[in-house]
There are 2 protein chains.
Amino acid sequence: MTIDPNADRPVYKQLADLIRARIESGEYRPGQRLPAENHYVAEYGISRDSVRRAIAVLRGEGLIVTKLRGSRVREAGDADTISIAPGTQVTARMPTEPERKQLGIAEGVPILVITETHGETRKLPADRAIIEASTEASTDRAG
Amino acid sequence: MTIDPNADRPVYKQLADLIRARIESGEYRPGQRLPAENHYVAEYGISRDSVRRAIAVLRGEGLIVTKLRGSRVREAGDADTISIAPGTQVTARMPTEPERKQLGIAEGVPILVITETHGETRKLPADRAIIEASTEASTDRAG
DNA sequence: TAGGATTTGTACGTATGTATT
DNA sequence: GAATACATACGTACAAATCCT
């Protein structure tokens, strides 16, 4: 598979598709490091700008995590199962940057917002929590 | 408030903070159009690159939606309340680009992934759904 | 309807800073 | 200290969609 600068689809999205496919096919495995940006620059003859944009797309999708030294395929973090009582409401949204820092969440990870019947709310990183509806009133965790 | 190119915090994050504060304070109201990119370029003497990066941050946080003609503060879409039976599990993650297109979701909006006890899964846009734990087995919607 | 103005999208370049190896 | 690789930030240019006259 190659990249066509004259295609309808932008170069950076084509590269994002290509890398995403490699992740989903298992060619890039969880925890595995991706090639450096310049690797893709050389391999496909595109600008580093386009490569970085592609990487940013995948980071926004939570598929990879990027550190100063490189990007890796995200590993499925072990999640706690949180039981919620009947009547409790759950939704999700992306955290703002201050929230991300405060809660120690990686980029591309949403937060689960849990609103108890009392009105109290909790925010949990979605990559570390699974919500389970219970019959009884108890908000314990069951790892 | 101004932007200091010599500050520890990058210019684009400073601008994102600034715009975010205006949204949260109500100075920019839901549905209201943000000034054009070049407005910020001129106002703060920074590059369009930095402005675009700031806008991208806020879009990733789901605070604004961007069309070709400009960005607007996201309006709270009316969400359906989805009841889930005991034992049902819920988590959230960001959709991939194909998923976004398929489900017709805006950027910066996570999906709720609902796994029934049977193993069946549903994916719902988090900006249009609120999950509510019920005592009884029923997955009806209650608007 | 035509055409220009506006605004965002994409894509290239360069340079410098900073953290890690 | 050097090499590597990502982060930031400036610039340019053109394309494409939308809006307005």
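Just so we're on the same page: letters track the sequence lines, and every chain starts at 1.
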Distance, rounded to the nearest Å, where A/R72 contributes CZ and D/dA5 contributes C1':
15 Å

Whole-Å distance between D/dA3 P and A/E37 CD?
20 Å

First and last nucleotide of DNA chain C in contact with chain B, 5' to 3', at under 4.0 Å to a heavy atom: what are they?
C/dT6 to C/dT10

Audit row: A/V51, A/L15, side chain to side chain contact (heavy atoms under 4.5 Å, CB included) steps and yes/no
CA-CA 7 Å; A/V51 176; A/L15 180 58; 4.0 Å; yes

Assess the residue pair B/E99 and A/E61 against the criterion (side chain to side chain contact (heavy atoms under 4.5 Å, CB included)); give the C-alpha distance rounded to whole Å, side-chain angles, the decisive distance to 0.1 Å, and a yes or no.
CA-CA 10 Å; B/E99 281 177 326; A/E61 293 174 357; over 6 Å; no

Is the shortest side-chain heavy-atom distance between B/E27 and B/Q32 below 4.5 Å?
no

Please list residues of residues 43-58 of chain A whose heavy atoms come under 4.0 Å from any atom in DNA chain D, ordered by number; otherwise none.
A/R48, A/R52

Cluster check B/I111, B/V109: I/L/V/M/F/W/Y, side chain < 4.5 angstrom
yes

How about A/E132 and B/P86: do any of their side-chain heavy atoms sit closer than 4.5 Å?
no

Measure the distance from CD on A/E97 to C1' on D/dA7 and round it to the nearest whole Å.
14 Å

Residues in side chain to side chain contact (heavy atoms under 4.5 Å, CB included) contact with A/P35, at least two apart in sequence or another chain:
A/Y28, A/H39, A/Y40

Short N-O contact, B/D17 and B/R9, less than 4.0 angstrom
yes

Side chain to side chain contact (heavy atoms under 4.5 Å, CB included) evaluation trace for A/Q89 with A/E116
CA-CA 6 Å; A/Q89 293 186 333; A/E116 320 255 5; over 6 Å; no

Using a strict heavy-atom distance below 4.0 Å, which residues from residues 4-17 of chain B are in contact with DNA chain C?
none

A/R29 atom CZ: more than 12 heavy-atom contacts under 6.0 Å
no

With a cut-off of 3.5 Å and sequence neighbours excluded, list every side-chain donor-acceptor pair involving residues 68-76 of chain B.
unit_1 : atom_1 : unit_2 : atom_2 : d
B/S71  : OG     : B/T66  : OG1    : 2.7
B/R74  : NE     : B/G62  : O      : 2.6
B/R74  : NH2    : B/E107 : O      : 3.1

Cluster question for you: counting only ILVMFWY and a side-chain heavy-atom cut-off of under 4.5 Å, with indirect links fine, are A/I3 and A/I23 together?
yes

Cluster overlap B/L63 with B/L18, hydrophobic side-chain contacts below 4.5 Å:
yes

Give the intermediate values and the outcome of side chain to side chain contact (heavy atoms under 4.5 Å, CB included) for residues B/V113 and B/V90.
CA-CA 6 Å; B/V113 182; B/V90 180; over 6 Å; no

Could you list the protein-to-nucleotides 17-21 of chain D atom pairs, N/O on both sides, closer than 3.5 Å?
unit_1 : atom_1 : unit_2 : atom_2 : d
D/dT18 : O2     : B/R69  : NH1    : 3.0

What nucleic acid atoms does A/S71 come within less than 4.0 Å of, heavy atoms only: base, sugar-phosphate, or nothing?
nothing

